[in-house]
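One structure is given here, and the rest of the page talks about it.
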Amino acid sequence: MKLTTTRFATIPRMKYIRLFLSVLCGLLIVTTAAAQKQSQTESRFAKLDGARIHYQSYGKGREALVLVHGWTCSVDYWRDLIPDLSKRSRVIAIDLPGHGQSDKPQIAYSMDLFARAVDAVMRDAGVKRAVLVGHSMGTPVARQFYRKYPQKTLAIVIVDGALRPFGDKKIMDGVMAGLRGPNYKDAGAQMLAGMAGPNLAPEAKERIQASYLNTPQYVIVSAMEGMADESIWGQDKINVPVLAIMTKSPFWPADTEQFYRSIAPRLDFQRWDGVGHFLMMEKPKEFDEAVVAFLNKNALMK
């Protein structure tokens, strides 16, 4: 009788031990998976003309979504979008030369330079072909990349970006005068504040202002001059799939969709209401859904 009592008394204890070991095993699996996922996220530097180009890589693969930021911006502008996008495919976010953590030599910051920087990053990351997502200035960068490396371009996503000049020479001369002057910080900050729109979160507005103020004046001026270069605004065709997500802004002429279709025959065109120029920061979930739907529709990077 004593033996039986002792034997049964050990049963609950054994259950607790088994439960403990089961939980511990589960924690180890979760921790290992998290470590593996973390190991797939890399912050690296490619080289171009002796300068370092910073980029972040999420996931693996020979094809990737390549995120190209706008004027005076950085990889930080994509941070709320990357977690969901990286579930669908490999993602690479680039700091263009002169921006973010990339080197900032005193050179000409042309769209051609930026396109070559994208190519340098892709080669360093082992990416053969990409869907380029270009916000604002990132759009002419993506287009210049397509001109130089059409075989490496799977598709282009235009994020409130232009396929023709922003304004005539008089307007651009006025903009450039403000950026070249001693009060360039105020001139640029006011321009960006007006583009941000009223519904952008204060924290996001602060990030935009800080990014601009951390960009050297010679980069600010030269990159804007690069966008004013008439040679980048030819009407040559983009023959890969294109998604354009634009704001309903008076900045864009009434014939914007028609003009974009004349350049990109395989165009999906969207106009979003109630958002400012940094629409992907205002509505990251909706933006991710639109990009993923575009990738799925065109059977890209499956």
Side-chain angles (χ1 to χ4, degrees), residues 41-48 51-58 64-86 91-107 109-111 113-122 124-125 130 132-142 144-145 157-161 179 184-185 188-189 191-193 195-197 200-224 226-227 276-284 287-288 291:
T41 303
E42 299 178 288
S43 185
R44 296 176 53 88
F45 289 89
K47 281 289 187 72
L48 178 66
R52 300 184 312 156
I53 310 300
H54 173 254
Y55 69 95
Q56 294 173 347
S57 175
Y58 302 81
L65 272 173
V66 175
L67 309 180
V68 186
H69 63 72
W71 180 70
T72 74
C73 304
S74 72
V75 296
D76 180 66
Y77 284 57
W78 306 105
R79 71 183 189 194
D80 296 327
L81 291 82
I82 289 172
D84 281 342
L85 289 177
S86 60
V91 175
I92 291 177
I94 300 175
D95 278 332
L96 293 173
H99 297 74
Q101 297 181 51
S102 292
D103 287 346
K104 302 170 178 63
Q106 295 205 22
I107 57 175
Y109 287 91
S110 65
M111 300 304 106
L113 171 73
F114 292 148
R116 291 197 300 117
V118 172
D119 181 58
V121 165
M122 287 174 56
D124 188 80
L132 271 67
V133 182
H135 172 243
S136 192
M137 184 184 76
T139 293
V141 173
Q144 192 68 12
F145 180 91
V157 178
I158 296 170
V159 188
D160 213 41
L179 297 177
Y184 77 94
K185 290 183 178 180
M191 181 168 60
L192 289 169
M195 296 165 68
L200 189 64
E203 179 272 337
K205 291 179 180 180
E206 290 174 5
R207 284 160 55 197
I208 292 168
Q209 294 294 327
S211 177
Y212 174 77
L213 295 175
N214 287 330
T215 305
Q217 185 179 17
Y218 60 86
V219 176
I220 291 171
V221 171
S222 185
M224 186 63 76
M227 285 188 283
H277 185 55
F278 301 91
L279 59 89
M280 73 287 190
M281 299 171 75
E282 284 191 61
K283 295 189 174 182
F287 183 87
D288 284 351
V291 171

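- No donor-acceptor pair under 3.5 Å is formed between the side chain of D95 and the backbone N or O of H54.
- Separation of atoms CD (E203) and NZ (K205) is listed at 12.0 Å; rounding is to 0.5 Å.
- Considering every non-hydrogen atom in both D103 and Y109, the closest pair reads O-OH, 4.4 Å.
- Using a 3.5 Å distance cut-off with no hydrogens or angles, the side chains of H99 and T215 do not pair a donor with an acceptor.
- Looking at every heavy atom in both residues, S211 comes nearest to S74 through OG-N, 4.4 Å.
- By the 4.5 Å heavy-atom criterion applied to side chains, I208 and L200 are counted as neighbours.
- With respect to the salt-bridge test (charged N to carboxylate O, under 4.0 angstrom), the residues R116 and D119 do not qualify.
- Distance check, rounded to the nearest 0.5 Å: CG of D76 to CE of M281 gives 6.5 Å.
- When all heavy atoms of Y212 and I220 are compared, the pair lying nearest together is CE1-CD1, 3.5 Å.
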| field | side-chain contact (heavy atoms from CB on, under 4.5 Å) between Q144 and F114, worked out | value | CA-CA 9 Å; Q144 192 68 12; F114 292 148; over 6 Å; no

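- Between H135 and W78, the angle of the ring planes goes over 60°, which puts this pair in the perpendicular group of the 30/60° scheme.
- At a threshold of 4.5 Å between non-hydrogen side-chain atoms, the residues L132 and V141 do not count as touching.
- The shortest distance between side-chain heavy atoms of Q56 and E42 does not fall below 4.5 Å.
- For the residue pair A46 and A120, the shortest heavy atom distance occurs at CB-O, 3.7 Å.
- Residue L67 holds its CG atom at 9.0 Å from OH of Y58, rounded to the nearest 0.5 Å.
- Minimum heavy-atom separation, Q209 to A189: OE1-CB, 3.0 Å.
- Residues D124 and I53 form no side-chain contact, since every pair of their non-hydrogen atoms from C-beta on lies 4.5 Å or further apart.
- Put simply, the side chain of F278 does not reach to within 4.5 Å of the side chain of D160, judged on heavy atoms.
- Between the OH atom of Y184 and the CG atom of L213 there is a distance of 7.5 Å, given to the nearest 0.5 Å.
- Side-chain contact between F145 and V68: absent, with no pair of heavy atoms (C-beta onward) separated by less than 4.5 Å.
- Separation of atoms CZ (R207) and SG (C73) is listed at 10.5 Å; rounding is to 0.5 Å.
- Here the straight-line distance linking atom CG of L85 with atom CZ of F287 works out to 7.0 Å at 0.5 Å rounding.
- Between the side chain of K104 and the backbone N or O of S102 there is at least one donor-acceptor pair closer than 3.5 Å.
- When side chains are defined from C-beta on, V121 does not count as touching V66, because their heavy atoms never get closer than 4.5 Å.
- No donor-acceptor pair under 3.5 Å is formed between the side chain of S222 and the backbone N or O of V219.
- Taking 4.5 Å as the limit, some side-chain heavy atom of V159 sits within range of a side-chain heavy atom of V133.
- Although no hydrogens or angles enter the test, the distance criterion places a donor-acceptor pair under 3.5 Å between the side chain of T139 and the main chain of G134.
- Taking all atoms of both residues into account, the shortest heavy-atom contact from I92 to A125 is CD1-CB, 3.6 Å.
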| Between V291 and L81, does a side-chain contact (heavy atoms from CB on, under 4.5 Å) hold up when you go through it step by step? | CA-CA 10 Å; V291 171; L81 291 82; over 6 Å; no

